[in-house]
Each structure stands twice: as C-alpha cells, then as structure tokens.
Amino acid sequence: MKKVDQEEVARRRGIYFQSFGIYGGISGLFDYGPLGSRIKDRIVRIWKEMMLSEGNIAEFDGTAVTHQEVLKASGHYDRFFDYSVECTECGNRYRADDLIQKRGIEAIVDREWLQNKILELNMKCEKCGGKLGDVKIQKLMFQVEQGEGQEPLFLRPETAQGMFVNFKEYYRFFREKLPFAIITVGRGYRNEISPRRALYRLREFNMMECESFFDPQNEMWIHDPEENLKVTFLTNEGKEIHATPRDVYENGVVKSQPMAYFMGLAIRFYSRIGIDLNRFRFRQHKKEELSHYSSETWDAEALTDLGWIEITGIAHRGIFDLTNHIKASGKDLYAQRVVQRKEMLNKVREVDYDKIKADFPELSPKIIAAIKDGKSKLEAGGRTLDLADYIIEREEKVTVDRENFVPIVIEPAFGLDRIIYAILDHNLGLRDESGYVFLKIPYEISPYDAAVLPLMARDGLDQKANEIYEELLRQKFTVIYDDSGSIGKRYSRYDEVGIVYCITVDYETLKDDTVTIRHRDTREQLRIKVNEIPKYLGLNPWNGKKN
RNA sequence: GCAGGUGUUGUGUAGCCUGGUAGCACAAAGGCCUUCCAAGCCUUUAGCCCGGGUUCAAAUCCCGGCACCUGCACCA
C-alpha cells in the first residue's frame, strides 16, 4: 500500500487533532474527534474484555491527581526533577546536584541553593573548563497546587501506582490468593521537554496498564503462553527469533512464564485490532536501558513511518514497588503463603517497669524514654546506667502456619495513543485501481457499524432509508445516515474512515424490501432482506470469514 | 531546551523576495441533473497563527510569543 499522510486524514475526518486549535494549540496535547473517540472506545472495550475474561483480573479506576508521598516512594519524585546546568562555552550539560555531590557535598535539590553553591565553589565545566550557566529546573511531572501551606499534588506519570497502593483491597477481593491482576485504563501525564510527532509523544496520554502479582516461589500465570501465533523477538544480544511466546519461554529467551503469557495476550489483542504482525516485534531492553524498577523488560514495537515505535512495555518490576510502599507508608502490603505448621521461639523484649520504679522512682520517665529510643546507656543521678539491666528478655512459643512475603509484579502496559497511531499507519492506504484512500481496520474497531444510504435522495428512497436507519439505531447498532452527493462519493467517504458496511436503499427496496450490503475491502455487494441486516454486520459473506 | 526552517478557508496549496481588491483545487452546504463506486452544471459558506511595531497602506517588512517540521539534547 502506498503511503498516506495519516495526520492529514485524521485532521480532515475528525479522528484526532491538536488540542485548543483555535488558540494556537499546545504541544503534546491531542484530542480525539467524533470518529477517533469511537475507535479508541472500541479498542479499550476489546482490551478490557480480553483482560477480564482471564477470570482473575479486576479493574481499578483511580485518580490522576496523586499524593506526593506515593511518588516519592515509587522513585518518580527524585527522577522527575531535573536540575541541569549548561556550559556557556562548549554547551555540555550536567545535572547540578551530581556536580556538587561529586565534591563530597550533600546537595540540596533547590534551585537557588544549587546556583549559589556553584558560584561559591567557583565550579567550571569538566570538559573545557568554561563558565557554567544558570541552573535550570525541568519538572517532568505536572504539579498541582493545593493551597497555601499545603504540599503540592502531582498528576500521575503512570497509572501503576494507584494499583500498588491499593494492593490490599484487591488481595482481599481475590480472597488472598495469588496470582491475580489489576487493570486500569486511564490517563497519565508527563511534562516532556519536546513532545513531537502527533500521537507518538504526548504530555497527556491514554494507557491501559495491568499489574499482576505473584508469589516469588511460584511465578506462574494461570494459563499457558500462546502456542500458535508467531512473531519476531529481538533479544538484548541482538539475536532475532521468529517464534511463539511458548517457544521463547521454553527455550529460556524469556525467563518469566507470566511475561511470556502476556506477550501472547498482547499478540492476540494486536492481531484482533489490526496491527500487522509482520511489522511487529518484541524487543528486549538492554541493561542500560532498563527503568529504575525493572530487571527485565520487553517492548512490543510496531514498524511505522516513524520507524519502530514502542506500543507496549512488559516489565518485570520485581518486588520494587510494594517494598517501597511498605517502607514509606509503614503499612502492611504483604501477601501470605501457607507453610507447614511449626512451633517457633520468638524473642520478646520487655521493659522492666517494676525494677526502674524501685531503683529510681523520680528518674523513671527519663529511663523509659531512653530505652524506647534504643539507647544502651544513660547518664543519670551522677552515674552511668546500663539500660540492659532494665530489659527482660524472654522466649515465647508461637505456632506459625503462614508467612509474609512481598509479591512480585509483572506489568504489561499498553500505550493507547501509540497503538492508534500504529493501527492507522498499518491500515491506511490507497486503492490500487482508483487511488482513493481507504482505512482497512477490523470491523470490531470501526467507528460505526454501517452507513445507510439511499441511492437517490428522492422518490421515497430517502424516507425508506431513514426508516431502516432508525430501526438499526433502535437495535443498538451505531449507524450513519447520509443522502448527500453521488452514491460513489458516499461509499468513498466511509471507506476513508474504516466503516466496513454500506447499506444501500434502491428502487427494488421499495418493491421487495431488500437492500444491498457492500463490503469496504472488496467493494462487492449482496442483496439481502432488510431484516437480515443485523445478521450480516460483522460478517464477510463473500469469503465466509469474519470481517 | 538549543539551532535552522515553516505557519494563508475544513484539507492541500499560490501570493511574501519587489507592501496596495487574497487566488486555485479538493471537501462541505443548497439547487438542477443522475437507477450503484469521488460524473457534470449553477450558487453558497469559509482563511492570512497571536500580539506589537514601521508605513498613507502589512498575508507580505521588523520585534516578541505560540505552534509545526528537521537535527541535536531529553525520553525515568
């Protein structure tokens, strides 16, 4: 297929376009129009349906505005503030806090402090010895002010954290059994330095994320990895393999069974929504490319006119997130496993209040406080007390049949906007015969089920077509009625936005209640009874296959 | 963020250098015609990215901003 300017079609036909156009637009922000919104919605529905039909997956719909502590615990807060300073002579860039840290000084991440420190220490460019410019802050997260004297809030850079912090709710919902997974469809926000290329790099973007939780002793999903569909796998050693997810799991290229499982799920999803699997691959991240939280990551990539673009990341996040939230919040986000019943001796340390009171009645509050602070000695009453004297250590027998562990997380994260970009790239083409644009997306994600068209807008054909249109609407089909322009022009109009079926009402309809149904891809038509229309939508009666 | 280029009806563009009524094609709307794949004819709608400056007069020249494209940097 010949190349078509996707953005031009998207703008002209209301698929997507730049936000706030009448005010000049904002870079990195795009809106979905009447047709794009429908395509997007249908993709989301398929994804949710596929995920939820696993059985042990449930949905979470959390807020985008996020508590600062969550992002501090997740590591985003530290990494999303970039204090850079540039050499005024050679242009080399440094992180201001790194430069100062290198001199053995604890850097305070504050613009003024960093700026003053650089002047005070008379720091120069490491490369050329040139003068360093001003410290510039780059905030990579959008900050939301709460009010005077209150800590700011942040827009989430990923939906994942909401699922981690609510792990316990879902653990209970699934009656304390692993594995299970949580999904979220929602928006994330990243203040990209230079967003570019339409839907590829956005500052507000749609994602469909799944967090799956496992006992590290049993890192297995409940179903087996896909064994029929083959795609390309590119390893971090540069090896290319054409195989099924089951193959790559069995031969050890992909270490984790759940990762292989989700790869298979992704392939099934992608083939269903119109990604060309011949322009698709999984690419393993190289060591230096891995995120701060991940030990193994595979990206699903699609080949488009922008080159290979990441449309999904499947990351092994290990115990990183839950461990950090346990530490930061002090709350229990553990899962438990049943172990063999056993007797254990627990060491118990107790403060001997009676002895303290007997020895030093007036000093007792001081001594108790010192013990609670974990001190071992205390200067009091003119001498040094050994606090160990006031602690009783004894052993207690307990029966244990469960133990805590931090679950492992495997995350398939789908970038919805990039998926839409890739679908349009793979399916928008020119017809060989006529050179007209048509969009060959699957019926399931097509923006409307059908267009109902009277051959002529007269002789009662328009009324009849309108009746059929109304009836299909009543039956909950999404349909368009159109009687303007020649019939050929209208066919083309709907081909261009991927509507698969055109129902044409002609003079025979008036006689025998039949219409023609036309398929977008073959342009072939069949004459069918009006009441058979619902049966044909979603079929390709010309080759006996779906669509 | 830096450097260079660009910004004209819904879309694609001409006009800009050399200041003086903004033109074309497609799309869209109305009409005539037309019995199945963007036919034809008539009519209509609709635009100089935003702000400032120079000038009698700015789409055009100058300044600032915004946006887009390319390259570099960034992309956790």
Side-chain angles (χ1 to χ4, degrees), chain A residues 4-5 7-14 17-30 33 71 74-82 84-88 90-95 133-134 136-141 157-158 160 188 190-198 200-203 205 285 288-294 297 299 306 309-310 313 315 415 431 433-438 453-459 461 482-496 502-511 515-520 522-527:
Chain A
V4 178
D5 182 350
E7 277 187 70
E8 189 268 322
V9 176
R11 251 196 303 277
R12 186 161 47 78
R13 297 307 307 271
F17 34 75
Q18 199 174 24
S19 303
F20 311 113
I22 66 165
Y23 289 107
I26 303 277
S27 63
L29 297 181
F30 274 79
L71 298 162
S74 69
H76 288 97
Y77 189 88
D78 287 336
R79 279 154 223 272
F80 274 59
F81 281 85
D82 180 30
S84 65
V85 61
E86 206 175 272
C87 172
T88 54
C90 72
N92 207 36
R93 272 169 63 126
Y94 304 94
R95 276 193 69 117
D134 290 342
K136 286 182 185 159
I137 324 177
Q138 199 57 251
K139 288 186 186 180
L140 300 173
M141 286 196 293
E158 59 176 18
R190 290 176 193 192
N191 191 13
E192 297 283 355
I193 299 167
S194 74
R196 231 178 252 184
R197 289 169 176 166
Y200 179 61
R201 250 176 107 189
L202 296 172
R203 298 205 285 178
F205 50 95
H285 277 207
E288 63 275 15
E289 204 182 346
L290 289 169
S291 314
H292 62 284
Y293 49 70
S294 182
T297 297
D299 281 348
L306 299 177
I309 64 169
E310 176 195 347
R431 283 199 195 281
E433 332 77 70
S434 57
Y436 297 135
V437 174
F438 81 125
L453 317 169
L455 187 61
M456 301 284 160
R458 61 166 202 219
D459 301 333
L461 294 180
D482 186 352
D483 64 12
S484 82
S486 74
I487 191 70
K489 183 180 261 188
R490 281 176 278 158
Y491 287 150
S492 231
R493 205 178 269 162
Y494 298 107
D495 287 350
E496 195 177 41
C502 285
I503 311 284
T504 306
V505 171
D506 57 17
Y507 288 95
E508 277 182 62
T509 311
L510 300 180
K511 284 185 235 156
V515 291
T516 61
I517 180 166
R518 170 190 180 273
H519 196 276
R520 176 196 65 204
T522 57
R523 307 193 302 161
E524 284 177 289
Q525 286 177 298
L526 276 186
R527 183 161 286 278

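Every chain is numbered from 1, with letters handed out A, B, ... down the list of sequences.
- The distance between atom CD1 of A:Ile22 and atom C1' of B:rC50, rounded to the nearest whole Å, is 12 Å.
- Computed from coordinates, the A:Arg518 CZ to B:rC37 P distance equals 10 Å when rounded to whole Å.
- Side-chain proximity of A:Lys489 to B:rG12, B:rA39, B:rC37: nearest is B:rA39.
- At the heavy-atom level, A:Arg458 lies under 4.0 Å from base atoms of the strands shown.
- A donor-acceptor pair under 3.5 Å is formed between the side chain of A:Arg190 and the backbone N or O of A:Pro157.
- Atom pair A:Leu202:CG and B:rC75:P shows a separation of 18 Å (rounding to whole Å applied).
- Computed from coordinates, the A:Arg197 CZ to B:rC72 C1' distance equals 13 Å when rounded to whole Å.
- A:Arg12 comes within 4.0 angstrom of the backbone, heavy atoms only, and of no base.
- Set against B:rA67, B:rC36, B:rU35, the side chain of A:Gln18 has B:rA67 as its closest nucleotide.
- Within 4.0 Å of A:Ser27, counting heavy atoms only, lie sugar-phosphate atoms of the nucleic acid but no base atom.
- Checked by distance alone, A:Ser434 brings no side-chain donor or acceptor within 3.5 Å of a matching partner on the base of B:rA38.
- No contact: A:Arg13 has no heavy atom under 4.0 Å from any strand.
- In this entry the distance linking CZ of A:Arg11 with C1' of B:rA27 reads 15 Å, nearest Å.
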